[in-house]
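Below is one structure, written out as structure tokens; the observations come after it.
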Amino acid sequence: MNPYSFASDVKPLYTEHQIQQRVRDLGQSIAEDYAGLAPALIGVMKGSLFFFADLARAIDLPLTVDLLEVSSYAGGTETTGEVRITSDVSRPLAGQHVLVVEDIVDTGLTMNFLLDNLRARQPASLKLCSLLVKPSRARVPVQIDYRGFTVEDLFLVGYGLDYAERYRNLPFIGVMKNP
Ligand code: PRP
């Protein structure tokens, strides 16, 4: 049931409760794997905004947070294939245990580009946590170290994911009926 009247054309796929449960599990796995370390969480804006905030609070470690913004969809529903960093992190990543936090890996073009870019900054380690992965759309291989849900090729919105910049503020993830 979707109580948001502005989003009546969105059919819920993962409820707020299901997402929060999965985020807690991911946070525990990450805390175990990075025990004794203070990883640098890098949120990829804008899609990972809410996932990033929830995941960071689910990890019982003295981590640091930073943000960057990439864009390749330019407001449309198909990737332009041209990935740009439109806003970068504020601090150097050399020697840091970097964990990139993303909302969705679709074609993989964004993460392929971004992970190469971050690797060149010589972090001590570099891993990726993506809430959603859409394997049927993969165009380039991307190693995903932590994943929330594997999804089919549906147009998803909510919990950070947008359609023309809207619907990000839904607390659940749903399918657009007529994108
Ligand atoms: C979306 C999403 C990922 C990327 C995934 O970003 O947040 O970063 O697309 O697609 P890919 O695997 O095909 O590259 P978008 O460019 O729409 O920006 P946003 O995060 O601001 O929504």
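If you read the sequence from its start, that first residue is 1, and numbering goes on from there. When a ligand or atom number is given, it counts from 1 through the structure's own listing order.
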Those atoms of ligand 1 less than 4.0 Å from some heavy atom in [X]:
X: Leu109; answer: 12 (O), 14 (O)
X: Thr107; answer: 11 (P), 12 (O), 13 (O), 14 (O)
X: Ser72; answer: 16 (O)
X: Asp162; answer: 22 (O)
X: Glu102; answer: 3 (C), 7 (O), 8 (O)
X: Lys46; answer: 19 (P), 20 (O), 21 (O)

For the backbone of [Y] and the side chain of [X], can you confirm whether one donor and one acceptor N or O come within less than 3.5 Å of each other?
X: Thr86; Y: Glu69; result: yes
X: Asp66; Y: Ser90; result: yes
X: Lys134; Y: Leu154; result: yes
X: Arg139; Y: Asp106; result: no

(Q) One thing to verify: whether Asp162 and Arg168 come together as a salt bridge, which I'm taking to mean a side-chain N less than 4.0 angstrom from a carboxylate O. (A) yes

Q: Measure the distances from the heavy atoms of Arg168 to every atom of ligand 1 and state whether one is below 4.0 angstrom.
A: yes

Q) Does Glu165 come within less than 4.0 angstrom of ligand 1, counting non-hydrogen atoms of the residue? A) no

Q | Side chain to side chain, Thr150 and Pro135, heavy atoms closer than 4.5 Å | A | yes

Q | Contact check, side chains of Phe6 and Asn169, non-hydrogen atoms, under 4.5 Å | A | yes

Q | Asp103, portion touching ligand 1 at heavy-atom distance under 4.0 Å | A | side chain

Q. To which of Gly108, Ser71, Gly47 does the heavy atom nearest atom 12 (O) of ligand 1 belong?
A. Gly108

